[in-house]
Amino acid sequence: MNDYISDADSQVTVNLASRSYSIEIKPGLLNQLSKALGSFVSNEHVILVTDSNVAELYLESVVSQISEIAQRVDVICVNPGEESKSIPVCNELWQQMVDFNTDRQSVVVALGGGVVGDLAGFLAASFARGIRFIQIPTTLLAQVDSSVGGKVGVNLPSAKNMVGAFWQPEVVLIDPLVLETLDEANFRAGLAEVIKYGLIMDVDFFASLESSADLIGQREPEVLTRCIARCCQCKAAIVEEDERETSGRRAILNYGHTYGHAIEAVFGYGRFLHGEAIAIGMTCAARLAREFGMVPDSFVTRQTELFRKMKLPVDCPAERHDELLASMKHDKKVARGELKLILPVRIGEVVVLAAPEDQLILNSLKN
Ligand SMILES: NC(=O)c1ccc[n+]([C@@H]2O[C@H](COP(=O)([O-])OP(=O)(O)OC[C@H]3O[C@@H](n4cnc5c(N)ncnc54)[C@H](O)[C@@H]3O)[C@@H](O)[C@H]2O)c1
Ligand SMILES: [Zn+2]
């Protein structure tokens, strides 16, 4: 059935010389933490960072398991949502870490979605010039994207993810069963990033997603495990080539993101989840590539059909296109004033190109 990944592949290694680490993906892993974390936090001081939604579901069990092996566990619980990824919140939490007698031997463990992972990672990267860090991601987006690769950080009032660091975790522990409690919208939004990996670098994976779309939608644990593992392999391969986004290779992860970020910014962060915005963004990028003759119409149709199958939006709102264009030009991926776009050439391959004249971009926003 789903032969794109063998059973043995639920462990993925991110090879980064002395910063290498392993990603473990296993249903039920959240109930085996004393074993999984044994060699990382044995007799250490742990600062567990989470948000109140995740805390309600999993904190008690996680703290009790880590307490079996750690010297002591202090908990930092933030409000759910993007607002917690901010300097004022960090300011409070740095002080809390001092009050917890955090030192260079302490370990920060992030239990939550991308917000918690980015925030906790930034606390770890910045406190005492950097302390150890472990990721236990609990949303699909965090499991396939944000927990892997070492980008951590917070938002400024005027700019998302503007202050941060590259700070790799020591291990990433992924339990696909925690996705059972994730709401449908966030689950579907995570699938947009999953599909993105197929589109940018792995045609076989894309085909597997097409054939197992129903099982994935039903969150069938074994299928999800393979799917998450494949995504982590893809992300690891790119991060290994371009850890700090200097060669340009890592930029391909931004397929659909220049459009998507603009859609999020212009229509407000409440209207579209990030994954929804990038599904629309990838659709616009595909249309632009078709306009250039880079892909045939059948490419756009095939991509769009999978998004639809996964119940993701593909239509850009019909209004405010001038604002979208202006916002795209302000995206932080605009290097030296030049807007670059990631465009597909076939399923499994994209290229980075200088953006064309405004009118062509505006045309690509039209459904
Ligand atoms: N560092 C990176 O490379 C990177 C990459 C992509 C995105 N991000 C960042 O990730 C963030 C978005 O992450 P997200 O989509 O995971 O959002 P999130 O962390 O806000 O989580 C979404 C919601 O799901 C809840 N939740 C988490 N796990 C749950 C579970 N198992 N069951 C029930 N509810 C659960 C959370 O409390 C929250 O309300 C953004 O801030 C974005 O900038 C970072
Ligand atoms: Zn994204």
Side-chain angles (χ1 to χ4, degrees), residues 30 49-59 62 77-86 89 110-122 125 133 135-156 159-169 172 174-197 200 219 224 231-232 235-236 238-239 243-245 250-261 263-264 269-270 272-282 331-333 342:
L30 205 73
V49 184
T50 190
D51 73 25
S52 54
N53 290 337
V54 177
E56 197 172 312
L57 293 160
Y58 302 110
L59 186 65
V62 168
C77 183
V78 299
N79 291 329
E82 198 66 33
E83 297 72 36
S84 289
K85 257 179 68 176
S86 73
V89 169
L111 174 73
V115 164
V116 164
D118 282 12
L119 171 69
F122 183 61
F133 171 47
Q135 288 265 25
I136 309 180
T138 62
T139 62
L140 183 55
L141 178 133
Q143 295 184 343
V144 300
D145 189 0
S146 63
S147 69
V148 178
K151 278 193 185 177
V152 298
V154 296
N155 305 319
L156 296 181
K160 267 203 87 190
N161 296 323
M162 193 47 89
V163 174
F166 288 98
W167 195 247
Q168 301 294 347
V172 182
I174 297 177
D175 184 348
L177 293 185
V178 299
L179 300 180
E180 280 173 10
T181 54
L182 191 64
D183 63 275
E184 188 69 12
N186 271 297
F187 181 74
R188 299 280 169 186
L191 286 177
E193 303 281 4
V194 171
I195 296 168
K196 181 191 76 179
Y197 288 112
I200 64 172
R219 311 188 198 186
L224 273 188
C231 294
C232 289
K235 178 126 189 207
I238 292 176
V239 169
E243 185 183 1
R244 289 175 166 252
E245 208 165 322
R250 196 162 170 160
I252 69 166
L253 291 166
N254 289 319
Y255 179 44
H257 279 58
T258 302
Y259 286 100
H261 289 153
I263 290 166
E264 290 180 277
Y269 286 92
F272 293 106
L273 288 171
H274 172 73
E276 296 172 331
I278 66 152
I280 297 171
M282 288 186 266
D331 196 74
K332 73 174 185 306
K333 300 290 171 337
I342 321 295

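Below, each value reflects all heavy atoms present in this structure, side chains not excepted, and no hydrogens, waters or symmetry copies. Counting convention: from 1, in listed order, for ligands and their atoms alike. Start at 1 with the first residue, then count along the sequence.
Here the side chain of R250 pairs a donor or acceptor atom with the backbone of E243 at under 3.5 angstrom. A side-chain donor-acceptor contact under 3.5 Å links K235 to the backbone of D145. Without hydrogens or angle criteria, T50 side chain to G112 main chain gives no donor-acceptor distance under 3.5 Å. For the pair Q168 (side chain) and G149 (backbone), a donor-acceptor distance under 3.5 Å is present.
Considering both main-chain and side-chain atoms, G81 never comes within under 3.5 Å of ligand 1 through any nitrogen or oxygen pair. Backbone and side-chain nitrogen or oxygen atoms of G114 are examined, and one is located within less than 3.5 angstrom of a nitrogen or oxygen of ligand 1. Annotation: D51 places an N or O atom under 3.5 Å from an N or O atom of ligand 1; distance criterion only.
Using a 4.5 Å heavy-atom cutoff, the side chains of C232 and V172 are not in contact.
Of the listed residues (L179, N53, L30), the one carrying the non-hydrogen atom nearest atom 25 (C) of ligand 1 is N53. Relative to atom 6 (C) of ligand 1, the option among T139, D145, T138 with the closest non-hydrogen atom is D145.
Contact annotation: for E193 versus ligand 1, there are no heavy atoms closer than 4.0 Å. Residue-level proximity to ligand 1 for L141 is carried by the side chain, the only part with a heavy atom below 4.0 angstrom. Residue contacts with ligand 1 for D118 involve side-chain atoms from C-beta outward but no N, CA, C or O (heavy atoms, distance under 4.0 Å). Contact annotation: for K235 versus ligand 1, heavy atoms closer than 4.0 Å belong to the side chain alone.
Contact between K160 and ligand 1 is present, with at least one heavy atom of the residue lying under 4.0 Å from the ligand.
Here is the list of ligand 1 atoms found below 4.0 Å of a heavy atom in L57: 32 (N), 33 (C). In the vicinity of K151, heavy-atom distances shorter than 4.0 Å reach the ligand 1 atoms 1 (N), 2 (C), 3 (O). Near N186, meaning under 4.0 Å from any of its heavy atoms, are these atoms of ligand 1: 22 (C), 23 (C). Set against the non-hydrogen atoms of K85, the atoms of ligand 1 under 4.0 Å away are 9 (C), 40 (C), 41 (O), 42 (C), 43 (O).
Closer than 2.8 Å to the Zn ion (ligand 2) sit the protein N, O or S atoms E193 OE2, H257 NE2, H274 NE2.
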*Output, in order, the C-alpha distance, side-chain angles, deciding distance and verdict of side-chain contact (heavy atoms from CB on, under 4.5 Å) for L140 and L191.*
CA-CA 7 Å; L140 183 55; L191 286 177; 3.7 Å; yes
_With side chain to side chain donor-acceptor pair (under 3.5 Å) as the criterion, how do Y58 and T181 come out once you've worked through the C-alpha distance, each side chain's angles and the decisive distance to 0.1 Å?_
CA-CA 10 Å; Y58 302 110; T181 54; 2.6 Å; yes
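Here the heavy atom of the protein found nearest to atom 20 (O) of ligand 1 is V115 CG2, 3.4 Å.
Applying the side-chain hydrogen bond (donor to acceptor under 3.5 Å, both in side chains) criterion to D51, with sequence neighbours excluded, gives no partner residue.
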